[in-house]
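Read the structure below first, then the notes.
Since this is a predicted model, take the numbers as computed values, not measurements. Throughout, numbering of the chain's residues begins at 1 and tracks the sequence. Counting starts at 1 for both ligands and their atoms, in listed order.
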Amino acid sequence: MKRLTEFGLTEFDDLADPTFSQAVIDWQRVHGRHSLPWQNTRDAYRVWLSEIMLQQTQVAAVLGYYARFLERFPTVHDLASAPIEDVMAHWSGLGYYTRARNLHACAVRVVNEYGGEFPADPALLADLPGIGRSTAAAITAFSNGTRAAILDGNVKRVFARVFGVEGYPGEKRIEDALWRRADALLPEESMEAYTQGLMDLGATLCTRSKPDCPRCPLQARCVAYATGRTEELPVRKPKKTTPEKRADMLVVLHDGHVLLEQRPASGIWGGLLSLPEVDGHVGIETARDGGIALAAAVQAFGEVEEVQALLPLVHVFTHYKLHMAPHKVLLAARAVTPERHVWVRLDGIEDAALPAPVKKLLIDLARPSLFA
Ligand code: SF4
């Protein structure tokens with residue numbers, strides 16, 4: 001497929017390669033699958049049903065369900081008019097039950113909006129429940145011979161290996177590039193054999209582990225094979241690194257009480273009482289100022305008798321890891337209690353609305369030895 005860009009150039013020229021699709025088509029005609037029950041038909045209902053059942057499910061598991069489903073719901077009208085419970089019962093055991101609910105909703109829309117005829121335009125199909133861009137392309141390729149590209153997980157794997165695609169295919173930028181390549185590689189004709197060929201290659205030869213490269217029609221052009229990287233491609237989903245932050249926390253004590261501050265209503269520990277902090281939760285790499293800010297902060301609370309660093313703690317939130325550095329601050333005399341702060345008796349700390357790690361820290365500290 002070629003499109004005119006705003007610069008008057010044809011996009012995808014550099015990606016187009018008719019020999020690629022020809023190799024896939026030739027191989028499919030000889031070695032591909034030809035006698036599956038949903039092949040050799042242009043009935044869009046049957047093709048659609050098989051494509052939905054085959055999402056995330058192996059062919060062997062689908063065969064029996066497909067036959068029983070068609071026996072009970074031979075046409076899209078039968079499916080649309082059936083109670084959803086009946087549809088679910090016929091799907092039971094196949095898994096991913098959203099597919100069954102979407103299947104029924106899709107049948108209802110095809111009957112109500114298209115008079116029971118599946119639209120031939122992939123863009124219209126992709127607007128129906130449970131049908132994504134790749135599934136819409138497969139349905140129209142098999143039922144109408146439409147030139148539309150598929151890009152399911154198997155095809156992404158084949159492309160990533162053949163073309164040596166660096167980057168995780170689930171990442172938007174990489175996926176967009178794969179779609180451009182999929183569009184550019186479409187043959188002018190024989191869409192059924194080409195589409196089926198890509199599916200068969202991914203399912204039978206270019207499998208996730210131990211691809212059967214010696215029998216592959218794409219071996220001579222395969223970057224992963226040539227460079228011995230079939231194990232590494234496609235690139236796996238990158239592991240998320242959890243950001244790390246730190247917080248200097250003040251355990252200000254006087255006369256059996258600890259000073260707590262009410263946190264803002266939104267954000268981490270929103271609305272709870274907690275220990276006053278020097279700078280809030282800052283990046284772990286943020287330079288410390290050698291205790292200047294700490295010294296200034298503690299003096300606001302009264303006449304300081306002693307400051308002592310306590311053992312640090314780590315608390316893991318869903319989106320970052322917090323290194324808590326508590327400092328015990330003993331006051332000889334309190335200043336005026338600042339706004340949003342309260343003095344709470346240490347022996348009643350269990351009942352206070354505190355974040356769990358702060359409560360644990362204070363309960364440990366509340367032992368009598370603290371005031372010895
Ligand atoms: S040569 Fe091997 S890795 Fe490359 S496409 Fe074929 S089966 Fe996949």
Side-chain angles (χ1 to χ4, degrees), residues 1 12-36 38-39 50-51 54-62 132-135 137-138 141-142 147-239:
M1 184 186 292
F12 309 149
D13 267 355
D14 51 337
L15 299 175
D17 177 4
T19 64
F20 177 89
S21 57
Q22 199 54 54
V24 173
I25 291 166
D26 292 346
W27 174 84
Q28 203 284 328
R29 290 199 167 128
V30 180
H31 301 285
R33 300 178 288 191
H34 296 275
S35 51
L36 294 169
W38 44 85
Q39 290 183 303
S50 70
E51 288 300 325
L54 287 165
Q55 288 169 354
Q56 295 126 338
T57 310
Q58 303 272 332
V59 167
V62 166
R133 178 176 170 185
S134 184
T135 303
F142 291 134
R147 287 184 77 240
I150 61 165
L151 191 66
D152 61 12
N154 282 350
V155 179
K156 282 180 185 169
R157 183 168 60 251
V158 173
F159 282 6
R161 286 174 173 165
V162 171
F163 301 108
V165 174
E166 303 294 345
Y168 170 54
E171 187 190 328
K172 175 95 172 62
R173 183 177 58 88
I174 304 295
E175 192 175 14
D176 287 350
L178 287 172
W179 273 114
R180 283 196 292 279
R181 195 177 281 280
D183 280 338
L185 290 171
L186 285 175
E188 292 298 328
E189 49 195 28
S190 305
M191 272 306 299
E192 297 95 322
Y194 175 68
T195 305
Q196 187 66 53
L198 283 180
M199 291 176 170
D200 292 352
L201 266 174
T204 64
L205 292 187
C206 197
T207 46
R208 205 178 301 267
S209 60
K210 297 197 179 66
D212 192 352
C213 304
R215 291 172 54 218
C216 178
L218 304 175
Q219 188 208 92
R221 68 180 77 222
C222 180
V223 172
Y225 178 75
T227 57
R229 297 171 67 212
T230 56
E231 293 270 302
E232 291 155 41
L233 295 174
V235 172
R236 286 177 187 77
K237 188 175 185 175
K239 285 206 178 82

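Closest to atom 6 (Fe) of ligand 1, if we only count protein heavy atoms, is C216 SG, 2.3 Å. Summary of contacts: the protein heavy atom closest to atom 8 (Fe) of ligand 1 is C206 SG, 2.4 Å. Remark: minimum distance from atom 4 (Fe) of ligand 1 to any protein heavy atom is reached at C222 SG, 2.4 Å.
The shortest separation from a heavy atom of V158 to ligand 1 is not under 4.0 Å, leaving the residue out of contact.
At a cut-off of 2.8 Å, C213 does not coordinate atom 6 (Fe) of ligand 1 through any N, O or S atom.
Counting atoms of ligand 1 from 1 in the listed order, those under 4.0 Å from a heavy atom of V162 are 5 (S). Atoms of ligand 1 lying under 4.0 Å from at least one heavy atom of T230, given by number and element, are 3 (S). Ligand 1 places these atoms under 4.0 Å from at least one heavy atom of R161: 3 (S).
In this structure, the side chain of E232 does not engage the main chain of R229 through any donor-acceptor pair within 3.5 Å.
Using a cutoff of 4.0 Å between basic side-chain nitrogens and carboxylate oxygens, K172 and D176 are scored as salt-bridged. With salt bridges taken as basic N to acidic carboxylate O contacts below 4.0 Å, one links R133 and D183.
Within the 4.5 Å cutoff, side-chain heavy atoms of F163 are placed close to those of L185.
More than 12 heavy atoms of other shown residues, nucleotides or ligands fall within 6.0 angstrom of atom CD in E171.
Note on ring orientation: taking the six-membered ring where Trp is involved, the planes of F159 and F20 are perpendicular (angle over 60°, cut-offs 30° and 60°).
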